[in-house]
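Below, read A as the first sequence line, B as the second, and so on, with proteins coming before strands; counting in each chain starts at 1.
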Protein chains: 2
Amino acid sequence: MNLDSETKAVELPDDHGTELRLWLRLLTCTTLIEGEVRSQLRETFDVTLPRFDLMAQLDKVADGMTLSDLSKRMMVSNGNVTGLVERLVESGHIDRRTSETDRRVQFIRLTKLGRAEFRKMAAEHEKWIADIFADLSPKDIRELMRLLAKAKGSAQRSAKARTA
Amino acid sequence: MNLDSETKAVELPDDHGTELRLWLRLLTCTTLIEGEVRSQLRETFDVTLPRFDLMAQLDKVADGMTLSDLSKRMMVSNGNVTGLVERLVESGHIDRRTSETDRRVQFIRLTKLGRAEFRKMAAEHEKWIADIFADLSPKDIRELMRLLAKAKGSAQRSAKARTA
DNA sequence: GTCGATCATTTTATACTTAAAATAATTTGG
DNA sequence: CCAAATTATTTTAAGTATAAAATGATCGAC
């Protein structure tokens, strides 16, 4: 009996089942963790995940960034950022000022309050994430990082090819 | 010079940076692919991702399932499913009937039209996914599957421990 | 049998999200 | 300089999402 030809007979030329299963597993994993983080943020700090994410982007820089920068970094639409920023200005976590040189541009940055609150949340957040991945060895994590980087590159290539 | 102690000095006892970076990479990867799939579905079939996902769940079974089943499988809230189902009934893709034995329960299933349309979409969808992951070798995919399964288990353990 | 607990679903209120169109400001090629 | 293209942001409309409360139905212990 020829095992190779058997194997080939089972796998049709256009069988993309393994990729699909990979995608579903990736999605399940992310949704699961995202839901967990969302719950923790709400329960512990009464803050939503999108607000936390926006503040996280702003916390990386000292002097603020534009709405476009924010929407690119967060990988969400412009209109989405407009609304989020509005509510965070309202609650006193960020402030906005119009550029001196280009009146289309708005610079957004954390207020003192916003940065202080974010730092507190970020510290807890990091612990939750560490616990969520606690069963993974350092080697597992390294491998996952490597493979996800490869997957990301592949997806970007695919998206680019389609748009081109 | 003692390299080990140097390394330890840099990594504080509570440094959970690698887990955080892993989470951000996982999230980026998923968001990227999800956006790509969303665009393709809209452009090619004028359908949204949540609708596609709901139909995908229903396509797995012959005789339908309840709203609760749906919300659990899709990992979204009950109210969310209510709205999605409403719109898909409206468009003729699914139908609903109340259980004979338990009048609280609604069984949802694909209509003939719904199943036919879903199958067409699913075939294309599978090709898009295959292309998105095309740079990954079969071994990469196996490894990712394994590590994501481990991550999923870890996240579930963590979530369960918190709720308990 | 019936009261209380539980369960399935819907409703409500609010927030988030997108795509696409609109607005407003700047840049650029001729 | 000036029209056309580009860029940054906002607005709009529709849909997606959550949490929490409400509703309606069934189950279980007594």
Tell me the interatomic distance from A:Arg38, atom CZ, to C:dA15, atom C1', rounded to whole angstroms.
11 Å
Single hit among A:Thr18, A:Leu26, A:Leu20 for side chain to side chain contact (heavy atoms under 4.5 Å, CB included) with B:Phe133
A:Leu26
Applying salt bridge (Lys or Arg N to Asp or Glu O under 4.0 Å), can you list everything that pairs with B:Arg38, at least two apart in sequence or on another chain?
B:Glu34
With a 4.0 Å cut-off on heavy atoms, is B:Leu49 in touch with a base, just the backbone sugar-phosphate, or nothing at all?
nothing
CD of B:Gln106 versus P of C:dT11: gap in Å, rounded?
10 Å
With a 4.0 Å cut-off on heavy atoms, is A:Asp102 in touch with a base, just the backbone sugar-phosphate, or nothing at all?
sugar-phosphate
Report yes or no: do A:Ser99 and A:Asp102 form a side-chain donor-acceptor pair below 3.5 Å?
no
Over how many whole Å does the gap from B:Glu34 atom CD to D:dT16 atom P extend?
13 Å
Please check the phosphate of D:dT9 (OP1 and OP2 only) for any side-chain N or O of A:Ser68 closer than 4.0 Å.
yes
Between C:dT18 (C1') and B:Gln40 (CD): distance, integer Å
17 Å
Would one find a side-chain N or O of B:Arg87 under 4.0 angstrom from OP1 or OP2 of D:dA14?
no
So what does B:Thr82 touch, heavy atoms closer than 4.0 Å: a base, only the sugar-phosphate, or nothing?
base
Pair A:Asp140-A:Ser137, side-chain donor/acceptor within less than 3.5 Å:
yes
Here the distance between atom P of D:dT16 and atom CD of B:Glu90, to the nearest Å, is 13 Å
Should B:Asn80 be listed as having a side-chain N or O under 4.0 Å from OP1 or OP2 of D:dT16?
no
If only side-chain N and O atoms of B:Arg103 are considered, is one of them under 4.0 Å from the OP1 or OP2 phosphate oxygen of D:dT26?
yes
Using only heavy-atom distances, determine whether the side chains of B:Thr111 and B:Asp95 contain a donor-acceptor pair under 3.5 Å.
no
OP1 or OP2 of D:dT10 sitting under 4.0 Å from any side-chain N/O of A:Arg96?
yes
Quickly work out the A:Asp53 CG to C:dA15 P distance and round it to whole Å.
17 Å
Between D:dT26 and B:Arg104, counting only base atoms on the nucleotide and side-chain atoms on the residue, is there a donor-acceptor pair under 3.5 Å?
no
Using atom CD of B:Glu100 as one end and atom P of D:dT26 as the other, report the distance to the nearest whole Å.
12 Å
By nearest-heavy-atom nucleotide on DNA chain D, the more 5' of B:Gly83 and A:Val81 is A:Val81
Rounded to whole Å, CG of B:Leu41 lies from C1' of D:dG15 at a distance of 15 Å
What nucleotide, of C:dC16, C:dT9, D:dT10, holds the atom closest to the side chain of B:Asn78?
C:dT9
Are B:Thr48 and C:dT18 close enough that a side-chain N or O sits under 4.0 Å from OP1 or OP2?
no
